[in-house]
Amino acid sequence: MSTLTPETVPPRTAQIDDAAMKEVLSSFCTGVAVITATQPDGRPAGMAVQSFSSVSLNPPLICFCPAQTSSTWPKIRAAGRFAVNILSADQQELCRQFAVTGGDKFTGVDWRPGVNGAPLLDGALATIECDLAGTFPGGDHVIALGRVTTLASAARPGEADPLLYFRRTYGRLRSSSSRSASIASARSRSEA
């Protein structure tokens, strides 16, 4: 199997409308995270992403995909290390604050430095600290690969819901008690 580079990506065989692609792909529900880093001058930098994924357990790798046009991505890349803050359902406003271009995104935000110095946002469901392991071309985005160095879950399973993004709208799972009741109901039906 060959590695894809800009030179080896097969040419388009059909014209795909950008708006249609956005509409179709918005049908895939994702979680939302904020990638943070401390810049070489000591100032924090951060950006909201929904293109985040686990890549490998051994070695422990994750990836996220910032836009080529992002003004925050070069700051995170220059830091060489970062944190992934997985947002909880009650952090919609925080997500919106980190989704804008420019300005001080950390105004009014409570955070503490992680082991690697990257900001860990208060209230996040989980945090994953990484060293930047590499970057790869991804069309109008960059595929950023991170090697996990430290991770923590702030909530026990069922205690808090994740912030979700579906069809260009924020959402949440049904309440934990509703999920537990649904699971119990499904189990009792399957045992009958």
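Side-chain atoms are counted along with the backbone in the values below, which use heavy atoms only and exclude waters and symmetry mates.
- G114 and E129 make their closest contact through C-OE1, 3.4 Å (heavy atoms, listed as atom of the first residue, atom of the second, distance).
- Within the 3.5 Å criterion, the main-chain N or O of D122 finds a donor-acceptor partner in the side chain of Q91.
- Listed here is the closest heavy atom pair of Q68 and G139: NE2-O, 3.6 Å.
- Residue C65 holds its SG atom at 10.0 Å from CH2 of W73, rounded to the nearest 0.5 Å.
- A continuous path of ILVMFWY side-chain contacts below 4.5 Å connects M47 to L132, so both sit in one hydrophobic cluster.
- The SG atom of C95 sits 12.0 Å away from atom CG of D90, with the distance rounded to the nearest 0.5 Å.
- Between the side chains of T36 and N85, at least one donor N or O sits under 3.5 Å from an acceptor N or O.
- When every heavy atom of I143 is checked against every heavy atom of P137, the shortest pair comes out as CD1-O, 3.9 Å.
- The backbone N or O of A67 sits nowhere less than 3.5 Å from a side-chain atom of D140 that would complete a donor-acceptor pair.
- Linking ILVMFWY residues whenever their side-chain heavy atoms come closer than 4.5 Å, directly or via other members, places V142 and F64 in the same cluster.
- Rounding to the nearest 0.5 Å places CD1 of I76 at 11.5 Å from SG of C130.
- Of the possible polar contacts, one joining the D104 side chain to the F106 backbone as a donor-acceptor pair under 3.5 Å is found.
- A continuous path of ILVMFWY side-chain contacts below 4.5 Å connects L151 to V84, so both sit in one hydrophobic cluster.
- There is no path of hydrophobic side-chain contacts, each under 4.5 Å, that joins V55 to V148.
- To the nearest 0.5 Å, atom CD1 of residue I86 and atom CG of residue L121 are 11.5 Å apart.
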Exercise for the section: Could you go through the side chain to side chain contact (heavy atoms under 4.5 Å, CB included) check for T150 and N116 one step at a time? Expected result: CA-CA 9 Å; T150 306; N116 71 5; over 6 Å; no

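- Residues V115 and T149 form no side-chain contact, since every pair of their non-hydrogen atoms from C-beta on lies 4.5 Å or further apart.
- Cluster annotation: L120 and F52 are assigned to distinct hydrophobic clusters (Ile/Leu/Val/Met/Phe/Trp/Tyr, side-chain heavy-atom contacts under 4.5 Å, transitive).
- Residues G123 and S88 approach most closely at O-OG, 3.3 Å, considering heavy atoms.
- Scanning all heavy atoms of the two residues, the minimum distance from A160 to L125 falls at CB-CD2, 3.4 Å.
- Remark: side-chain polar atoms of T38 are paired, donor with acceptor, to backbone N or O of G117 under 3.5 angstrom.
- In this structure, Q97 contributes its side chain and K105 its backbone to a donor-acceptor pair below 3.5 Å.
- Between the CD atom in Q39 and the OG1 atom in T72 there is a gap of 8.5 Å [rounded to 0.5 Å].
- Contact detail for L61 and R147: the closest heavy-atom pair is CD2-CA, 3.8 Å.
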